[in-house]
Amino acid sequence: MKGEKEKWIEDVLTSMEGSQRALPSDSLFDRIESKVSENTQGKIIPLSLIRVAAAAIILLIAMNFLAMKHFRSVNTKSSEGAGVYSNLLISDFNIYE
Amino acid sequence: MNHHPEIVHQIAQGNKEAFYSLYTLYSAKVYNTAISYTQNANDAEEITQDVFVSIHKYASGFKGASSVSTWIYRITVNTSLNFLKKRNKSNFFSLTKEDIRTPDFEHPGVLLEKKEHSEILFKMLETLPETQKTAFILSYIEDLPRKEVADIMETSVKAVESLLQRAKASLREKLENLYPNRRITKK
């Protein structure tokens, strides 16, 4: 009985001896190739996208430049007015003269 | 002279024939290893796909520190173990035991007269810890020399021998408990 059990255990442990390797399906390589192409294409940035990005950056810089120019001219006018106003304030408070 | 490193170098250069050549040389080894872990043909194909995509991606990084075979087996083992971890995580959240129970696995290449015994072996293999399972699969199912198994597992030959001893001891213990309950098949 013990011998039978030992034999059975040994048979289970060595059951893969003499076996053939399992083989994948024939279509697997095609699927691998598609996946590889997909991954490779992802790395290439289209030229049109680069052009659009460059145009957007130039537009942004131009808009910033125009905005700064406008801001400066507005500031100059308002600071002149502010100077007159502050003089008035000062003169109004010259109570000791 | 083993020309496999040259094939990997060609793959890194984008040579499609070289990639197919490597696939022809290693796909059965990768698939057979993967199916020993997953015990499922579809999952094994998914792993094989991931392995070869990785090979293609990292071919330029292969410097020849190990043999190509060791390198590929290592990717296969790691991909298989990661797959099992993900699968076990999703099983953890499954609502019914039906989802978790794995059916008896019949290895496609096993000899007919050993089919029943191998089904039991694979069932028991699932219970082994990762390192013992890997050592067992590479040594007794892939039939690799101990030295190569040690290189793949990045350990010593002695450590592999120790893992195999422990794996077999653990399997024996489980099989001894199973013995009285086995089905008696009529001859």
Side-chain angles (χ1 to χ4, degrees), chain A residues 1-69 71, chain B residues 11 14 16 19-20 23-24 27-36 41-42 44-57 106-111 113-125 136-137 140-143 167-168 171-176 178-180 182:
Chain A
M1 193 68 180
K2 200 179 177 183
E4 236 181 67
K5 184 163 89 170
E6 280 306 315
K7 187 186 177 304
W8 178 79
I9 291 173
E10 206 51 41
D11 285 345
V12 170
L13 290 176
T14 58
S15 58
M16 287 305 290
E17 274 179 18
S19 64
Q20 303 268 325
R21 277 209 172 94
L23 296 175
S25 61
D26 292 339
S27 61
L28 182 59
F29 185 70
D30 292 335
R31 281 184 269 142
I32 291 169
E33 262 200 323
S34 303
K35 191 83 187 170
V36 163
S37 302
E38 225 177 83
N39 291 352
T40 314
Q41 273 168 14
K43 287 183 201 164
I44 300 167
I45 302 167
L47 194 59
S48 56
L49 198 63
I50 295 173
R51 284 189 186 132
V52 167
I57 291 167
I58 292 167
L59 190 65
L60 211 63
I61 293 170
M63 282 171 67
N64 270 334
F65 178 74
L66 286 170
M68 274 172 59
K69 198 174 170 189
F71 178 76
Chain B
I11 292 170
K16 287 185 177 179
F19 189 51
Y20 182 69
Y23 177 81
T24 310
S27 57
K29 295 177 186 185
V30 171
Y31 181 74
N32 200 54
T33 305
I35 206 170
S36 300
N42 288 337
E45 286 212 343
E46 192 181 321
I47 289 172
T48 305
Q49 183 180 291
D50 289 347
V51 167
F52 279 93
V53 168
S54 295
I55 288 169
H56 191 276
K57 191 175 175 186
E106 217 178 274
H107 189 283
V110 73
L111 295 171
E113 61 268 28
K114 298 188 181 186
K115 208 175 76 159
E116 197 184 311
H117 290 139
S118 82
E119 278 177 20
I120 297 167
L121 174 66
F122 277 103
K123 202 124 219 110
M124 297 294 111
L125 264 181
F136 192 96
I137 288 171
Y140 298 125
I141 298 176
E142 277 303 290
D143 224 7
K168 280 171 112 174
L171 290 171
R172 275 184 194 282
E173 194 184 320
K174 290 174 169 89
L175 289 170
E176 277 186 16
L178 191 63
Y179 182 77
R182 84 191 195 293

Please report the closest heavy-atom contact between [X] and [Y], naming both atoms and the distance.
| X | Y | answer |
| --- | --- | --- |
| Y31(B) | A22(A) | CD2-O, 3.4 Å |
| V110(B) | S15(A) | CG2-O, 3.6 Å |
| T48(B) | L28(A) | CG2-CD2, 3.6 Å |
| L175(B) | W8(A) | O-CZ3, 3.4 Å |

Item checked: Under 3.5 Å side-chain donor-acceptor pair for Y179(B) and E4(A) ->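 Yes, because at least one side-chain N or O of Y179(B) sits under 3.5 Å from a partner of the opposite role on E4(A).
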
Note to self: Check this for me: E176(B), atom CD, are more than 12 non-hydrogen atoms of other residues, nucleotides or ligands nearer than 6.0 Å?
What the structure shows: yes

Notebook entry, point to check: Just wondering, are more than 12 heavy atoms of other shown residues or ligands nearer than 6.0 Å to CG in D26(A)?
Noted result: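 Open: at most 12 neighbouring heavy atoms sit under 6.0 Å from CG of D26(A).
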
Check: What part of T14(A) gets closer than 4.5 Å to chain B, counting heavy atoms only: side chain, backbone, both or neither?
Finding: backbone

If we only count heavy atoms from C-beta on, is the [X] to [Y] side-chain gap below 4.5 Å?
| X | Y | value |
| --- | --- | --- |
| L178(B) | V12(A) | no |
| E142(B) | R21(A) | yes |
| K114(B) | D11(A) | no |

Margin query: Let's test your reading of the structure: which of K35(A), E10(A), E17(A), M16(A) forms the most heavy-atom pairs below 4.5 Å with chain B?
Written below: M16(A)

Under 4.5 Å heavy-atom distance to chain A, tell me which part of [X] shows up: side chain, backbone, both or neither.
| X | value |
| --- | --- |
| E113(B) | neither |
| Y20(B) | both |
| I35(B) | side chain |

Item checked: Choice from K168(B), K29(B), K115(B) maximising heavy atom contacts with chain A below 4.5 Å -> K29(B)

Notebook entry, point to check: Between E6(A) and R172(B), does at least one N-O distance fall below 4.0 Å, as a salt bridge requires?
Noted result: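 Yes.
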
Checklist line | F29(A) and F19(B) aromatic ring geometry - parallel, tilted or perpendicular at 30°/60° bounds | finding: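 Tilted, since the angle between the ring planes falls between 30° and 60°.
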
